[in-house]
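Each remark here refers to the structure printed beneath this line.
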Amino acid sequence: MPELPEVETVALGLQLAVAGRRILRVTLGKTDFIDDPVAVEKELPGRTILKVERYGKFLLLRLSGGEEVIPSEGETALLVHLGMTGLLMPQRVSEPQAKHTHVAMLLDDGRELRYVDPRRFGRMAYLAGETLTRELERFGLDPLEMGLPAFEQRIRERRARIKALLLDQSVIRGVGNIYADESLWKAKIHPAQLGARLKHRQVQKLYAVLQEILRKAIVLRGSSISDFLDVAGVPGEYQRHHRVYGREGKSCSRCGTSIRRVIVAGRSSHYCPKCQSAPRGWQMRSGKKSKAAGKSSKKQRK
DNA sequence: CTCGATCCCTGGACGC
DNA sequence: TGCGTCCAGGGATCGA
């Protein structure tokens, strides 16, 4: 699942592989994940990919002006979110297209930049000028660029659970389920703790381990659980270092206690019940939920 | 404001 | 082997 480290890996790879290349033609498959498919098809050809950046969990392909120079269009970019199963990779045109290839951008060196996404949980949009600026303003700060004071302020100014805050892209941009769980385990904070209730020391610790974990994951080119591959088709290696994510029932590497998985803020959350003590009232709530409520609600769904 | 529920989508796991 | 069913999960959206 592409989160900050995975997207950073792809952005770096694309920067090396396709920056400076001109897009000659765009071929679309299924388009329900594209904001405005016609704009993507018509606006991209003729533009050069100037730079590839990561913006939260988005890839930002900065583009040059088109053939007809429109002074008012301002900065232009292709925004790509990989969703759960999105892959973006340059391949030779002669290479057969993978199943679920929905966008193929023919480049001026004979390769194609292909977007493959079986589940189409991703998003793609061609944006220019004010529209682009407004889109980027919706997101919070980058966890690797923000300082501790900004982090602490954002964690405290809302009353949500820390897990929800870490996942909320308007609070911090780029953190997803894997790195939220891993960071909370390392900082010994229960995912259901209210952000505003954390002690200064805990926030400080969380800030430090979040950066540490994200940086290490970037070095290892991200986590590949089932689908993620970099631009060369190589999986990441950080999944080997996961301490809680996907380790339900296995033992905590710090204390040996069995790792648990519960739903917090609507997301499955992995944690060590001994190292990460639950806030008051949480035990009862989660107990009730996982039994009666969980079953009946599932049955009603058709 | 925060929460849960629902939907989007497909492949893989599982039960029979 | 081949069905059917459940589930994963980021994000948008809606109602409580």
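Throughout, protein chains are lettered first and strands after them, A, B, ... in sequence-line order, and every chain is numbered starting at 1. None of the values given here were measured: they were computed from a predicted structure.
Partner of A:Asp181 under the side-chain hydrogen bond (donor to acceptor under 3.5 Å, both in side chains) criterion, chosen from A:Arg247, A:His270, A:Gln276: A:His270.
Ion pair A:Glu212/A:Lys186 flagged as a salt bridge, since at least one NZ, NE, NH1 or NH2 atom sits closer than 4.0 Å to an Asp/Glu carboxylate oxygen. Of the charged side-chain nitrogens involved, none lies within less than 4.0 Å of a carboxylate oxygen, so that A:Glu157 and A:Arg154 do not count as a salt-bridged pair.
Put simply, CG on A:Leu194 is 16 Å from P on B:dC1, counting in whole angstrom units. Atom pair A:Tyr115:OH and B:dC9:C1' shows a separation of 12 Å (rounding to whole Å applied). Distance CD1 (A:Ile34) to P (B:dC9): 14 Å, rounded to an integer number of Å. One can place NZ of A:Lys163 at 17 Å from C1' of B:dT2, the figure rounded to the nearest angstrom. Following rounding to the nearest Å, A:Arg161 (CZ) and B:dC1 (P) show an atom-to-atom distance of 18 Å. The CZ atom of A:Arg158 sits 11 Å away from the C1' atom of B:dC3 (whole-angstrom rounding). A straight line from CD of A:Glu157 to P of B:dC1 spans 11 Å, rounded to a whole angstrom.
OP1 or OP2 of B:dC8 has not a single side-chain nitrogen or oxygen of A:Lys30 nearer than 4.0 Å. Between A:His100 and the phosphate of B:dG11, there is a side-chain N or O to OP1/OP2 separation shorter than 4.0 Å. Proximity of A:Lys99 to the phosphate of B:dG11: a side-chain N or O atom is located under 4.0 Å from OP1 or OP2.
The aromatic rings of A:His241 and A:Tyr238 lie parallel to each other, their planes meeting at an angle below 30°, with 60° marking the opposite boundary.
Clustering ILVMFWY residues whenever any of their side-chain heavy atoms sit less than 4.5 angstrom apart, transitively, puts A:Leu167 in a cluster other than the one holding A:Tyr179.
Note on A:Asp32: only backbone sugar-phosphate atoms sit closer than 4.0 angstrom, heavy atoms only; bases stay farther off.
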Can I get a per-line list of side-chain donor-acceptor pairs under 3.5 Å for residues 25-34 of chain A, giving both atom names and the distance, sequence neighbours left out?
unit_1, atom_1, unit_2, atom_2, d
A:Asp32, OD1, A:Arg120, NE, 2.8
A:Asp32, OD2, A:Arg120, NE, 3.3
A:Asp32, OD2, A:Arg120, NH2, 3.0

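For the helix from B:dT2-C:dA16 to B:dC16-C:dG2, the terminal axes (five pairs an end, C1' atoms, rotation from four pairs onto the next four) enclose an angle of 50°, given to 10 degrees.
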* To do: Just do the side-chain hydrogen bond (donor to acceptor under 3.5 Å, both in side chains) check on A:Arg243 and A:Ser253 with the steps written out, would you?
  => CA-CA 7 Å; A:Arg243 307 292 196 119; A:Ser253 64; 2.4 Å; yes
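Of all heavy-atom pairs between A:Arg111 and A:Pro90, the closest is NH1-CB, 3.9 Å.
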* **Contact letters for nucleotides 9-16 of chain C, in which S counts primed atoms plus P, OP1 and OP2 and B counts the base, heavy atoms under 4.0 Å** => BBBS----
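Surrounding CZ of A:Arg215 are more than 12 heavy atoms belonging to other residues, nucleotides or ligands, all under 6.0 Å away.
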